[in-house]
Novice: 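Have a look at this one before I ask anything.
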Amino acid sequence: MGCFGFLKTMMFIFNGIIFLAGAAILGVGIWVKVDSGSVLSFLQNIQGAPGELGQVLNVGYLLIAVGAVLLILGFLGCCGAIRESRCMLLLFFIIILLVFIAEVAGAIVLLVFKPVAENLIKQVEGEVVKSIRSDYGKNPDVTGLWNTTMTALKCCGFNNYTDFTNSFFVNNTKSYPFQCCNRLPCNETTVFNSTIPGCFPALKKLVDDNAVIIIAVALGIATLELAAMIVSMILYCKIGSKRD
């Protein structure tokens, strides 16, 4: 019973941290989306803050989704351990297992079918460029997503600056996004000599350069998930044997 009690305590502490983290992330995500005016006001009052910081509003939905998943996982793990609920522990195990399978499947696709994956991405290139030319500068969500991506990766468009040529944004403003030029103003003259890479090549280079770190982090996450599944299943079986 000493080992059983230790596993229960560790399960509660570990999932309690997940629950609190999920609640915090969910709260921030809801605040970002609901009270966007206050968020923008706060960001604008930060001395020396770049204008692109306002694009943080566009990650609100992602924060809500991640926070909700962590909240559910933490709740199931904590309550399942403390209340000795086999149903909650089983649900916890199933959710972690599904996430683990999805990660393994994704890793296999990336490693074994990497050329195929790159070809698939190339196939959607036309639609992405079409979206940039028609929606960038018109649709706030699309504009914010591309501004955040281009600023973070120091890139321009999907392939390069030509993705914005004859776009709604360029036709209206007579200029290209500032991320596309080595110097300002970013117009047809200065963008012609731009050496800023496209976001797809930049992302590919970033992944290739940090492959070891990415693999290490992925293995660490997979180890934690395996440990969580093993502990939850041990508790599930122990609780079942106690009741029998």
Side-chain angles (χ1 to χ4, degrees), residues 1-36 38-39 42 55-113 117 145 148 152 203 206-207 210-244:
M1 292 300 294
C3 181
F4 178 74
F6 174 75
L7 289 177
K8 276 182 61 176
T9 303
M10 292 305 296
M11 187 79 169
F12 176 79
I13 293 174
F14 179 72
N15 286 283
I17 294 172
I18 291 178
F19 181 85
L20 293 175
I25 294 172
L26 180 63
V28 171
I30 293 174
W31 174 56
V32 166
K33 295 310 296 182
V34 173
D35 200 12
S36 58
S38 297
V39 177
F42 170 75
Q55 300 304 331
V56 74
L57 296 177
N58 296 291
V59 304
Y61 292 119
L62 177 62
L63 293 176
I64 291 172
V66 171
V69 172
L70 291 177
L71 202 66
I72 293 170
L73 276 176
F75 174 78
L76 290 174
C78 282
C79 290
I82 295 302
R83 296 174 60 88
E84 298 187 2
S85 169
R86 298 185 80 202
C87 179
M88 287 184 174
L89 288 171
L90 185 60
L91 279 174
F92 176 85
F93 175 84
I94 290 172
I95 293 174
I96 295 290
L97 179 62
L98 290 175
V99 172
F100 182 78
I101 291 172
E103 289 172 350
V104 171
I108 292 173
V109 169
L110 286 176
L111 292 174
V112 180
F113 301 104
L145 177 62
T148 303
L203 180 60
L206 180 67
V207 172
N210 296 278
V212 175
I213 297 174
I214 293 171
I215 292 172
V217 171
L219 288 175
I221 293 173
T223 302
L224 288 175
E225 290 171 345
L226 281 172
M229 287 190 287
I230 291 170
V231 172
S232 63
M233 192 48 58
I234 290 173
L235 292 176
Y236 177 85
C237 295
K238 286 281 187 181
I239 293 168
S241 62
K242 280 173 60 179
R243 292 179 180 176
D244 293 339

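Only this structure's heavy atoms are used, side chains among them; waters, hydrogens and symmetry mates stay out. Note that the coordinates shown come from a computational prediction; the quantities given were computed from them, not determined experimentally.
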Novice: Which heavy atom of Leu90 sits nearest to which heavy atom of Tyr236, and what is that distance?
Specialist: CB-CE1, 4.1 Å
Novice: State the CG-SG distance between Leu91 and Cys79, to the nearest 0.5 angstrom.
Specialist: 12.0 Å
Novice: Can you measure from CG (Leu226) to CG (Leu219) and round to the nearest 0.5 angstrom?
Specialist: 10.5 Å
Novice: Could you work out, with side-chain contact (heavy atoms from CB on, under 4.5 Å) as the rule, every residue matching Ile72, not counting sequence neighbours?
Specialist: Leu76, Ile95
Novice: Check Ile239 against Leu89 and note the closest heavy-atom contact, atom names and distance.
Specialist: CD1-CD1, 3.6 Å
Novice: Just wondering, more than 12 heavy atoms not from Phe93 lying within 6.0 Å of its CZ?
Specialist: yes
Novice: Show every salt bridge (charged side-chain N to carboxylate O under 4.0 Å, His left out) that has at least one partner inside residues 6-24, sequence neighbours left out.
Specialist: Lys8-Glu84
Novice: Which atoms form the tightest heavy-atom contact between Phe75 and Phe19, and what is the distance?
Specialist: N-CD1, 3.6 Å
Novice: So how far is it from Leu71 CG to Leu20 CG, rounded to the nearest 0.5 Å?
Specialist: 9.5 Å
Novice: What is the distance from atom CD of Glu225 to atom CG of Leu98, rounded to the nearest 0.5 Å?
Specialist: 11.0 Å
Novice: Could you tell me which non-hydrogen atom of Met229 sits nearest to which non-hydrogen atom of Leu97, and how far apart they are?
Specialist: SD-CA, 3.6 Å
Novice: For Gly77 and Met11, which heavy atoms make the closest approach, and how far apart are they?
Specialist: O-CG, 3.8 Å
Novice: Return the CE to CG distance between Met10 and Asn15, rounded to the nearest 0.5 Å.
Specialist: 10.5 Å
Novice: Do you know which two heavy atoms are closest between Phe12 and Ala81, and how far apart they sit?
Specialist: N-CB, 4.5 Å
Novice: So does Ile213 have more than 12 non-hydrogen atoms from other groups sitting under 6.0 Å from CD1?
Specialist: no
